[in-house]
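Quick notes on the structure that follows.
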Amino acid sequence: MRKGFIFDLDGVITDTAKYHYLAWKDLAESIGITIDLVFNEQLKGISRMDSLDRILAFGGKSDDFSQAEKEQMAKKKNDHYVRLLEDLTPADLLPGVKEFMAQAKAKEVPCALASASKNAPVILEKLGVLEDFRYIVDPDSLAKGKPDPEIFLKAAEALAITPQEAVGFEDAQAGIDAINGAGMYAVGVIEEGPLTGADELVHRLDELDIEQLLMK
Ligand code: B16
Ligand code: MG
């Protein structure tokens, strides 16, 4: 019997990946690295600094910058990303999210957020769903990012449920691997895939029957 839901943000609640991509693409261009949408798939669910490391490795420039320069680059990307978030509204919720969250609320299923994004609280507020989450994991409190299960385990603990009582929702492979590592039921949210290891795949959250999901 499942008792709580733990959601990823980008790709599950809203599509901020397109803004992350624009901001990273600009930053990468400024240091002579060209990234494309295929490469961008590898950045989904990955923390800001780990994303930068992957971009530098992709461009063969892993050893070209000091830690201070890397932090400056990550800040520049984030400032750009935050500007792109300014116009976010509830209309930017992914299809089916509002309906699914309303059902969870009606059935009193507690929800938590397990996002790698340090911008998550601001994004949830702009989307008008901040109140729907009982707990948001602070990514700064984590020793390891996804695919490590830590972020999902922290969320379950905060909801006072066991991992076996939790359902995790993710769009990225690193996230599905984290949910599986935590021993939770994994729902994969896909556009066109591929995503491996999920217990169930959907295109939008309101394809799910909450009663059946709670019985898993
Ligand atoms: P920030 P999620 C992740 O969100 C994004 O998928 C990933 O592209 C991003 O680098 C990461 O958040 C950190 O975001 O720079 O805003 O702290 O999928 O875990 O909700
Ligand atoms: Mg995601």
Side-chain angles (χ1 to χ4, degrees), residues 5-28 35-58 70-86 88 92-94 97 111-127 129-130 133 135-142 144-155 168-179 181-182 186-191 193-195 197-198 201-205:
F5 295 156
I6 304 175
F7 298 89
D8 172 52
L9 176 62
D10 175 26
V12 172
I13 303 290
T14 189
D15 178 22
T16 36
K18 59 188 179 206
Y19 302 129
H20 281 295
Y21 174 63
L22 285 175
W24 278 130
K25 193 170 171 56
D26 250 34
L27 189 278
I35 61 168
D36 59 15
L37 282 166
V38 175
F39 172 78
N40 191 55
E41 286 301 305
Q42 293 179 37
L43 304 183
K44 291 189 175 175
I46 303 300
S47 76
R48 198 178 306 167
M49 285 311 281
D50 287 350
S51 298
L52 177 58
D53 283 339
R54 287 191 185 200
I55 290 168
L56 295 178
F58 179 71
K70 286 194 340 188
E71 270 157 28
Q72 193 53 39
M73 285 191 266
K75 181 183 181 307
K76 193 172 157 196
K77 178 267 174 178
N78 190 58
D79 289 348
H80 184 182
Y81 175 64
V82 169
R83 283 199 300 280
L84 294 171
L85 292 178
E86 263 165 31
L88 215 60
D92 292 297
L93 283 170
L94 282 170
V97 172
C111 297
L113 193 81
S115 167
S117 177
K118 300 182 194 215
N119 296 294
V122 172
I123 294 170
L124 290 183
E125 183 157 34
K126 282 181 174 288
L127 294 171
V129 292
L130 183 60
F133 291 86
Y135 187 77
I136 299 170
V137 179
D138 175 4
D140 280 333
S141 71
L142 303 170
K144 290 183 180 169
K146 300 170 190 174
D148 192 275
E150 185 182 8
I151 190 167
F152 283 94
L153 293 173
K154 272 211 164 162
F169 302 81
E170 260 289 354
D171 69 306
Q173 193 60 51
I176 293 291
D177 294 346
I179 296 171
V187 175
V189 182
I190 50 164
E191 243 173 315
L195 208 52
L201 292 173
V202 294
H203 289 94
R204 36 189 290 164
L205 290 185

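Atoms considered below: every heavy atom in the structure, side chains included; atoms not considered: hydrogens, waters and symmetry mates. Ligands are counted one by one from 1 in listed order, and the atoms in each one are counted from 1 as well.
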Before you tell me yes or no, could you show the steps for V122 and K126 under side chain to side chain contact (heavy atoms under 4.5 Å, CB included), namely the whole-Å CA-CA distance, both residues' side-chain angles and the distance that decides it to 0.1 Å?
CA-CA 6 Å; V122 172; K126 282 181 174 288; 4.2 Å; yes
Would you call the rings of F169 and F7 parallel, tilted or perpendicular, where under 30° means parallel and over 60° means perpendicular?
parallel
Is there at least one pair of N or O atoms, one from A114 and one from ligand 1, spaced under 3.5 Å apart?
no
Keeping E150 on the side-chain end and K144 on the backbone end, is there a donor-acceptor pair under 3.5 Å?
yes
Between S115 and ligand 1, find which residue part has any heavy-atom pair under 4.0 Å and reply side chain, backbone, both or neither.
both
Just jot down the side-chain contact (heavy atoms from CB on, under 4.5 Å) partners of V189, sequence neighbours excluded, or say none.
V12, V202, L205
Is there a polar contact, in the sense of an N or O pair closer than 3.5 Å, between K44 and ligand 1?
no
What lies under 2.8 Å from the Mg ion (ligand 2), restricted to protein N/O/S atoms, is D8 OD2, D10 O, D171 OD1
Identify whether NZ of Lys or CZ of Arg in K154 sits under 6.0 Å from the centre of the six-membered ring of F152 and within 45° of that ring's axis.
no
Is it the case that ligand 1 has an N or O less than 3.5 angstrom from some N or O of D171?
no
All heavy atoms of I190 vs all of H203, minimum pair found to be O-CD2, 3.3 Å
Strictly distance-based, threshold 3.5 Å: is any side-chain N or O of R204 a donor or acceptor partner for the main-chain N or O of L94?
no
contact_flag E170 ligand 1 heavy-atom lt 4.0 Å:
no
Can you confirm whether more than 12 heavy atoms, excluding those of E71, are under 6.0 Å from its CD atom?
yes
D10 and K44: CA distance, side-chain angles, deciding distance, salt bridge (Lys or Arg N to Asp or Glu O under 4.0 Å) verdict:
CA-CA 8 Å; D10 175 26; K44 291 189 175 175; over 6 Å; no
Name the residue from Y135, F5, F133 that meets the side-chain contact (heavy atoms from CB on, under 4.5 Å) definition with L113.
F133
D8 heavy atoms within 4.0 Å reach ligand 1 at atoms 2 (P), 18 (O), 19 (O), 20 (O)
Using a strict cut-off of less than 4.0 Å between a Lys/Arg side-chain nitrogen and an Asp/Glu carboxylate oxygen, indicate whether D79 and K75 qualify as a salt bridge.
yes
Min N/O separation D10 to ligand 1 under 3.5 Å:
yes
Are any of the heavy atoms in G11 under 4.0 Å away from ligand 1?
no
Is it true that a side-chain atom of T14 and a backbone atom of T16 form a donor plus acceptor pair closer than 3.5 Å?
no
Below 4.0 angstrom from a heavy atom of N119, which ligand 1 atoms are there? Numbered from 1 as shown, please.
1 (P), 16 (O)
Measuring from non-hydrogen atoms of A172 to any atom of ligand 1, is the shortest distance under 4.0 Å?
no
Run the salt-bridge test on K146 and D8 with the 4.0 Å N-O cut-off and return the result as yes or no.
yes
Could you check atom 19 (O) of ligand 1 against the protein and tell me its nearest heavy-atom contact, residue, atom and distance included?
A116 N, 2.8 Å
Do any N/O atoms on W24 end up under 3.5 angstrom from N/O atoms on ligand 1?
no
Going by heavy-atom distance to atom 12 (O) of ligand 1, choose the closest among S117, G145, G175, G45.
S117
Ligand 1 to S51, heavy atom cutoff 4.0 Å, flagged ligand atoms 10 (O)
In the protein, which heavy atom is nearest to atom 17 (O) of ligand 1, and how far is it?
K118 N, 2.7 Å
Nearest protein heavy atom to atom 8 (O) of ligand 1, by residue and atom, and its distance?
L43 O, 3.2 Å
Under 4.0 Å from any heavy atom of L9, which atoms of ligand 1 are there?
20 (O)
Between I13, I46, N40, flag the one that comes closest to atom 7 (C) of ligand 1 by a heavy atom.
I46
Distance (rounded to the nearest 0.5 Å) between R48 CZ and M73 CE
14.0 Å
re atom 15 (O) of ligand 1, the protein heavy-atom contact at minimum distance is R48 NE, 2.8 Å
Could you walk me through whether K77 and H20 pass side chain to side chain contact (heavy atoms under 4.5 Å, CB included), step by step?
CA-CA 8 Å; K77 178 267 174 178; H20 281 295; 2.8 Å; yes
So the atoms of ligand 1 within less than 4.0 Å of a heavy atom of Y81 turn out to be 16 (O)
Are any of the N or O atoms of N78 closer than 3.5 Å to those of ligand 1?
no
With no hydrogens and no angle check, is any side-chain donor or acceptor of K25 less than 3.5 Å from a backbone partner on D36?
no
